[in-house]
**Student:** 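Here it is, the structure in full.
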Amino acid sequence: MVDLFRGSYFEVMNMKNLLESYNIDVFVLNENMSIIEPWVVTAGGFNPVTLRVNEEDFEKAKAIVEEYLNKA
């Protein structure tokens with residue numbers, strides 16, 4: 001698996017839901033820590049919540065995320 005997106009818990013969950021709607025399997029790193037100790041997990045710095053995808057899905061997932069972010 002490779003890292004695709006890093007951000008706050010809510011940003012990552014939005015991306016997770018979006019990618020899953022395209023049948024892309026995702027894994028979220030630091031999801032539980034962001035809920036238990038949110039001050040330990042920061043979006044842009046130490047221990048961000050990270051969305052990971054399989055290598056074979058990376059290019060498709062990256063394009064979907066970029067399109068979504070450019071529309072926002």
Side-chain angles (χ1 to χ4, degrees):
M1 296 197 104
V2 293
D3 293 354
L4 173 68
F5 182 80
R6 291 183 172 138
S8 71
Y9 173 77
F10 297 106
E11 292 171 322
V12 171
M13 289 301 109
N14 283 339
M15 295 300 156
K16 176 181 183 273
N17 291 333
L18 176 64
L19 293 172
E20 287 179 339
S21 74
Y22 285 90
N23 294 320
I24 296 174
D25 293 327
V26 298
F27 178 77
V28 180
L29 222 54
N30 288 332
E31 179 179 6
N32 292 332
M33 286 305 295
S34 69
I35 296 167
I36 297 168
E37 293 183 300
W39 57 89
V40 175
V41 179
T42 60
F46 186 69
N47 290 331
V49 181
T50 304
L51 187 66
R52 303 189 88 199
V53 297
N54 290 317
E55 288 183 41
E56 59 269 9
D57 293 328
F58 180 76
E59 291 302 323
K60 181 180 177 184
K62 181 179 173 186
I64 293 167
V65 168
E66 286 175 354
E67 181 180 350
Y68 174 81
L69 292 174
N70 288 334
K71 287 184 180 180

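For reference, positions follow the sequence shown, starting with 1. These numbers come from a predicted model, not from an experiment.
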**Student:** Side chains of Asp25 and Met1: does their closest heavy-atom pair fall under 4.5 Å?
**Tutor:**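 Side chain of Asp25 against side chain of Met1, heavy atoms only: no contact under 4.5 Å found.
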
**Student:** With rounding to the nearest 0.5 Å, note down the distance linking CG in Asp57 to CG in Leu4.
**Tutor:**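 Spacing of CG (Asp57) from CG (Leu4) equals 10.0 Å.
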
**Student:** Kindly indicate, with the supporting measurements, whether the criterion side-chain contact (heavy atoms from CB on, under 4.5 Å) is fulfilled by Val49 and Glu11.
**Tutor:** CA-CA 9 Å; Val49 181; Glu11 292 171 322; over 6 Å; no

**Student:** Just do the side-chain contact (heavy atoms from CB on, under 4.5 Å) check on Phe5 and Leu69 with the steps written out, would you?
**Tutor:** CA-CA 11 Å; Phe5 182 80; Leu69 292 174; 4.1 Å; yes

**Student:** What is the distance from atom OG1 of Thr50 to atom CZ of Phe27, rounded to the nearest 0.5 Å?
**Tutor:**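 Spacing of OG1 (Thr50) from CZ (Phe27) equals 10.0 Å.
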
**Student:** Any idea which heavy atoms bring Val12 and Gly7 closest together, and the distance?
**Tutor:**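 Minimum heavy-atom separation between Val12 and Gly7: CG2-N, 3.8 Å.
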
**Student:** Mind checking the CZ-CE spacing from Arg6 to Met15? Nearest 0.5 Å is all I need.
**Tutor:**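 The distance works out to 15.0 Å.
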
**Student:** Mind checking whether Glu67 and Leu18 have side chains closer than 4.5 Å, heavy atoms only?
**Tutor:**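 When only atoms from C-beta onward are counted, Leu18 and Glu67 do not touch, as no gap falls below 4.5 Å.
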
**Student:** Applying side-chain contact (heavy atoms from CB on, under 4.5 Å) to Leu19 and Val65, what does each step give before you reach the verdict?
**Tutor:** CA-CA 8 Å; Leu19 293 172; Val65 168; 4.3 Å; yes

**Student:** Less than 4.5 Å apart, any side-chain heavy atom of Leu51 and any of Asp3?
**Tutor:**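 No; the side chains remain at least 4.5 Å from each other.
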
